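Take this structure first; my questions come after.
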Amino acid sequence: MLAGLAAFGALGAAGCTRVASASGRNGGDLLERLRAQGVVRLGIAGEIPFGYIDRDGNLTGEAPELAKVIFKRLGVDRVQPVPTEFGSLIPGLNAQQFDVVAAGMYVTPDRCAQVIFADPDYRMPDAFIVRKGNPLGLRTYADALRRHAKAATGTGYAQIQHAVEAGFKESDLVIVPDQVAGLNAVESGRVDLFAATAVTARLVARGSAKAESTEPFVALVDGRPKADGGAFAFRPTETRLRDAFNAELHKLRRSGELYRVMRPFGFTRAEMTTLTAKELCGS
Ligand SMILES: CC1=N[C@H](C(=O)O)[C@@H](O)CN1
């Protein structure tokens with residue numbers, strides 16, 4: 001199920017851009033349009049297990065699989081991937097390159113100023129990829145700061161903020177395109193750690209002879225543990241689509257099907273959550 005990630009570069013979505021209809025801009029009828037088209041375009045970031053293309057060329061991951069179930073219930077039969085870098089997901093969504101972000105994106109106040117989120121479908125701590133044996137003993141951002149570790153994370157990742165909250169200067173962080181580049185940077189010794197979601201770190205380091213993932217840990221904000229939950233993101237005008245999506249998500253959660261969809265991707269009951277987007281947006 002967790003088959004390898006097809007190589008993604010920073011694929012643009014050229015050719016996918018289209019001009020929003022007036023009603024699309026004011027949030028009127030995207031759901032109706034998607035129903036008529038029979039297809040919804042999902043922005044993904046090539047990250048196992050969240051959203052990726054498997055070795056057979058098929059779109060999968062917790063978010064696309066959930067999207068398939070939910071959009072079918074909403075009357076949209078097909079999903080179509082639009083791969084891009086994680087840091088390009090919000091700009092791509094707002095530039096109409098795809099209809100929804102299906103990449104397990106954390107709901108953060110900064111992002112809530114740019115997009116609207118469904119409620120989180122999972123919660124997750126961070127972890128590091130470090131050299132085998134963890135020679136610097138890096139278990140948290142505070143450890144990494146104390147040990148003057150060279151820290152890396154991915155473009156646009158929430159972990160940039162987590163590291164900065166712990167005292168790192170943003171300009172001292174090495175920002176790489178994705179988790180595969182992060183693993184390579186650790187393996188080659190260019191950096192001491194790559195910070196990611198715990199499940200990303202675990203899965204990308206699995207099988208590496210030179211690197212391993214640390215135990216999961218919760219990032220701190222203002223000295224307090226930070227709750228991180230990942231969700232689908234929509235353009236700010238698309239409240240009707242977001243609300244319809246949310247209603248189906250809640251039904252799946254209540255019936256236990258949400259967990260059944262997510263479990264094959266390495267999620268456990270500990271990662272299921274009742275956090276809301278509103279709570280995580282801070283409003
Ligand atoms: C699924 C995911 N979440 C984090 C974020 O939302 O920034 C980053 O670690 C990138 N990948």
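Just follow the structure's listing: the first ligand is 1, and inside any ligand the first atom is 1. Keep in mind that this is a model prediction, so the values were computed, not measured.
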Worksheet, complete the sentence: Of all protein heavy atoms, the one nearest atom 11 (N) of ligand 1 is E47 OE1, 2.8 Å
Fill in: For A158, atoms of ligand 1 separated by under 4.0 Å from a heavy atom
5 (C), 7 (O)
Discussion item. So V101 and V115, do their side chains get closer than 4.5 Å, heavy atoms only?
Written reply: no
Worksheet item: N/O of M105 under 3.5 Å from N/O of ligand 1, yes or no?
Response: no
Worksheet item: Between E187 and S208, do the side chains contain an N or O donor and an N or O acceptor separated by less than 3.5 Å?
Response: yes
Worksheet item: Just checking, any donor-acceptor pair under 3.5 angstrom between side chains of S88 and E85?
Response: no
Discussion item. Looking only at distances, can you tell me whether any N or O atom of Q159, backbone or side chain, sits closer than 3.5 Å to an N or O atom of ligand 1?
Written reply: yes
Fill in: Least distance between heavy atoms, S213 atom then A205 atom
N-CB, 3.8 Å
Practice prompt. For D228 and H162, test the side chains for any donor-to-acceptor distance below 3.5 angstrom and give the result as yes or no.
Written response: yes
Discussion item. Considering both backbone and side-chain atoms of Y106, is one of its nitrogen or oxygen atoms within less than 3.5 Å of a nitrogen or oxygen in ligand 1?
Written reply: yes
Worksheet item: Can you list the steps and then say if E257 with R263 is a salt bridge (charged side-chain N to carboxylate O under 4.0 Å, His left out)?
Response: CA-CA 10 Å; E257 201 175 337; R263 194 169 46 177; over 6 Å; no
Worksheet, complete the sentence: Result for ring-ring contact (aromatic ring centres under 6.0 Å, His included) between Y122 and one of F267, F265, F232, Y259 points to F267
Worksheet item: Strictly under 4.0 Å, does any heavy atom of M124 approach an atom of ligand 1?
Response: no
Item to complete: Between A103 and ligand 1, find which residue part has any heavy-atom pair under 4.0 Å and reply side chain, backbone, both or neither.
Response: backbone
Discussion item. Taking 4.0 angstrom as the limit and counting only heavy atoms of Y122, give me the atoms of ligand 1 inside it, by number and element.
Written reply: 1 (C)
Item to complete: Could you tell me which atoms of ligand 1, counted from 1 in the order shown, lie closer than 4.0 angstrom to a heavy atom of T197?
Response: 1 (C), 2 (C), 3 (N), 9 (O)
